[in-house]
Amino acid sequence: MKQYLDLLKLVLENGDERKDRTGVGTIGVFGAQARFDLRESFPLLTTKKLHLRSIIYELLWFLKGDTNIKYLNDNRVTIWDEWADKNGDLGRIYGAQWTDWRTPDGGSINQIKNLIDGIKKDPFGRRHIVSAWNPGEIKKMALPPCHALFQFYVSPDGGLSCQLYQRSADLFLGVPFNIASYAMLTMMVAQVCGLKPKEFVHTFGDLHIYKNHLEQVKLQLSREPRSLPLMKLNPERKNIEDFVFEDFVLEGYDPHPTIKAPIAV
Ligand SMILES: Nc1nc(=O)c2c([nH]1)NC[C@@H]1CN(c3ccc(C(=O)N[C@@H](CCC(=O)O)C(=O)O)cc3)CN21
Ligand SMILES: O=c1ccn([C@H]2C[C@H](O)[C@@H](COP(=O)(O)O)O2)c(=O)[nH]1
């Protein structure tokens with residue numbers, strides 16, 4: 001996946017060295033974009049092995065509106081453990097904002113349902129947006145949303161594209177997960193709307209590499225990218241909430257070995 005390696009090079013070559021909230025320190029740039037074609041292949045990194053199982057369960061967990069790590073842990077996914085309180089709660093993070101955005105008059109908005117209804121009713125609409133960035137509830141979140149807002153777009157040929165604005169991006173650990181997750185989400189929304197997945201456009205605000213990931217980044221850049229895998233979804237699913245883990249089948253994934261790195265908390 002050349003686009004990802006290009007982002008690594010962009011940050012290494014142009015990044016500012018800065019202090020950050022976690023105390024680790026980063027080098028980073030402000031504003032970048034990558035585009036991934038979803039028509040022929042699935043954008044899962046091949047220059048290190050990615051744990052797709054964690055990514056699938058995390059996406060299903062967001063879509064269920066769940067914000068407690070129990071479901072993830074029951075499925076042996078531990079990526080959110082560091083941020084949870086003693087009861088496993090993360091507060092009003094993604095799942096809450098996507099499916100239960102609270103209005104001042106006491107109502108609740110399911111943005112995912114509205115998104116899908118909107119794409120079906122008015123495909124060429126310019127308002128197919130989901131926002132996790134809810135200023136009124138940031139204080140109730142264990143971590144303010146990094147993948148903050150996304151928009152869908154329908155082409156005249158029936159292709160469905162998605163663009164994400166990510167305000168803060170951990171390029172070595174978080175971004176490979178985010179690309180695969182939004183590619184899957186685009187495929188799921190396309191299937192339930194009777195459209196074909198077309199493109200994922202990833203737009204970044206603060207795009208950074210943590211200083212304790214630099215060796216890992218160099219190792220990754222020394223590796224030759226391999227051909228991308230394919231992702232098949234269970235074609236029977238017609239409602240987004242009906243998808244289960246077994247509905248995602250990855251074919252032809254042949255990555256270089258895992259590269260371990262510490263997560264900045
Ligand atoms: N600093 C930071 N970076 C992130 O990417 C991030 C956060 N914090 N906090 C919230 C979530 C949690 N995310 C995470 C957390 C851990 C891994 C991670 O350790 N990935 C390992 C494999 C872990 C596994 O699948 O069990 C990797 O090698 O990709 C990735 C994303 C993404 N987000
Ligand atoms: O999906 C995600 C979630 C988080 N991140 C990264 C981006 C930053 O390195 C941290 C969040 O720290 P802030 O100080 O709140 O920006 O987590 C990611 O890349 N992807």
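We count ligands from 1, going down the list as the structure has it; atoms in each ligand are counted the same way. Keep in mind that what you see is a predicted model, and the values were worked out from it rather than measured. Excluded from the calculations below are hydrogen atoms, water molecules and symmetry mates; all remaining heavy atoms, backbone and side chain alike, are included. Along the sequence shown, residues are numbered consecutively beginning with 1.
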Original post:
Can we say Glu17 and Lys211 salt-bridge, meaning some charged N sits less than 4.0 Å from an Asp/Glu carboxylate O?
Top reply: yes
Original post:
Charged N to carboxylate O under 4.0 angstrom, Asp74 versus Lys70?
Top reply: yes
Subject >> Atoms in ligand 1 flagged as close to Asp170, the criterion being non-hydrogen separation under 4.0 Å >> reply: 1 (N), 2 (C), 3 (N), 4 (C), 5 (O)
**OP:** Assess Lys48 against Phe172: is NZ or CZ under 6.0 Å from the centre of the six-membered ring, and within 45 degrees of the ring's axis?
**Re:** yes
**OP:** Just let me know how Tyr210 lines up against ligand 2, side chain, backbone, both or neither, with a heavy-atom cut-off below 4.0 Å.
**Re:** side chain
**OP:** State whether the side chain of Asn75 and the backbone N or O of Tyr71 hold a donor-acceptor pair below 3.5 Å, judged by distance alone.
**Re:** yes
Original post:
Which of the atoms in ligand 1, numbered in the order shown and given with their element, are less than 4.0 Å from a heavy-atom of Leu143?
Top reply: 9 (N), 10 (C)
Original post:
Can Arg39 and Asp37 be counted as an ion pair, charged N to O under 4.0 angstrom?
Top reply: yes
Original post:
At what distance is the nearest protein heavy atom to atom 7 (C) of ligand 2, and which residue and atom is it?
Top reply: Ser168 OG, 3.3 Å
Original post:
How far apart are the C-alpha atoms of Asp100 and Arg102, what are their side-chain angles, what is the distance that settles it, and do they pass the salt bridge (Lys or Arg N to Asp or Glu O under 4.0 Å) test?
Top reply: CA-CA 6 Å; Asp100 173 33; Arg102 292 181 186 158; 3.3 Å; yes
Subject >> Element-labelled atoms of ligand 2 that are located less than 4.0 Å from some non-hydrogen atom of Arg167 >> reply: 13 (P), 15 (O), 16 (O)
Original post:
Which residue owns the protein heavy atom closest to atom 16 (C) of ligand 1, what's the atom, and how far is it?
Top reply: Ile263 CD1, 3.4 Å
**OP:** May I have the step-by-step check of side chain to side chain donor-acceptor pair (under 3.5 Å) for Asp242 and Asn239, ending in yes or no?
**Re:** CA-CA 6 Å; Asp242 294 344; Asn239 293 304; 3.3 Å; yes
**OP:** Say whether Arg21, considering both its backbone and side-chain N or O atoms, lies within less than 3.5 Å of an N or O atom on ligand 2.
**Re:** yes
Original post:
Looking at Phe62 versus His147, is the centre-to-centre ring distance below 6.0 Å?
Top reply: yes
Subject >> Element-labelled atoms of ligand 1 that are located less than 4.0 Å from some non-hydrogen atom of Ser54 >> reply: 24 (C), 25 (O), 26 (O)
Original post:
In ligand 1, which numbered atoms sit nearer than 4.0 Å to a non-hydrogen atom of Tyr210?
Top reply: 1 (N)
Original post:
N/O of Trp83 under 3.5 Å from N/O of ligand 1, yes or no?
Top reply: no
**OP:** Take Arg127 and Asp122 through the test salt bridge (Lys or Arg N to Asp or Glu O under 4.0 Å) and record every step on the way to the result.
**Re:** CA-CA 10 Å; Arg127 303 171 183 179; Asp122 179 22; over 6 Å; no
Original post:
Which of the atoms of ligand 1 are close to Ala264, meaning less than 4.0 Å from one of its heavy atoms?
Top reply: 1 (N), 2 (C), 8 (N)
**OP:** Pull out every atom of ligand 2 sitting under 4.0 Å from any heavy atom of Asn178, numbered as shown with elements.
**Re:** 1 (O), 2 (C), 18 (C), 19 (O), 20 (N)
Original post:
Would one find an N or O of Thr258, backbone or side chain, under 3.5 Å from an N or O of ligand 1?
Top reply: no
Original post:
With a cut-off of 4.0 Å, which atoms of ligand 2 are near a heavy atom of Gln166?
Top reply: 18 (C), 19 (O), 20 (N)
Original post:
For ligand 2, does Cys146 get within less than 4.0 Å through its side chain, its backbone, both, or neither, judged by non-hydrogen atoms?
Top reply: side chain
Original post:
Considering only the protein, which heavy-atom contact is closest to atom 19 (O) of ligand 2, and what is its distance?
Top reply: Asp170 N, 2.8 Å
**OP:** Compare His51, Arg21, Gln216 and give the one whose heavy atom is closest to atom 26 (O) of ligand 1.
**Re:** His51
**OP:** Report, in ascending order of atom number, the atoms of ligand 2 lying under 4.0 Å from any heavy atom of His208.
**Re:** 7 (C), 8 (C), 9 (O)
Subject >> Aromatic plane relationship, Phe200 with His202 - under 30° parallel, 30 to 60° tilted, over 60° perpendicular >> reply: tilted
Original post:
Looking only at protein heavy atoms, which one is nearest to atom 13 (N) of ligand 1, and how far off is it?
Top reply: Ile79 O, 4.3 Å
Subject >> Atoms in ligand 2 flagged as close to His147, the criterion being non-hydrogen separation under 4.0 Å >> reply: 1 (O)
**OP:** Taking only Lys NZ, Arg NE, NH1 and NH2, and the carboxylate oxygens of Asp or Glu, determine whether Asp254 and Arg226 approach each other closer than 4.0 Å.
**Re:** yes
Subject >> Heavy atom of protein closer than 4.0 angstrom to atom 33 (N) of ligand 1 >> reply: no
Subject >> Chi angles and distances behind the ring pair (Phe, Tyr, Trp, His ring centres under 6.0 Å) call for Phe150, Tyr165 >> reply: CA-CA 6 Å; Phe150 53 97; Tyr165 184 81; over 10 Å; no
Original post:
Numbering the atoms of ligand 1 from 1, which are under 4.0 Å from a heavy atom of Gly174?
Top reply: 5 (O)
Original post:
On the ring face of Phe248, is Lys232 found with NZ or CZ under 6.0 Å from the centre and within 45° of the axis?
Top reply: no
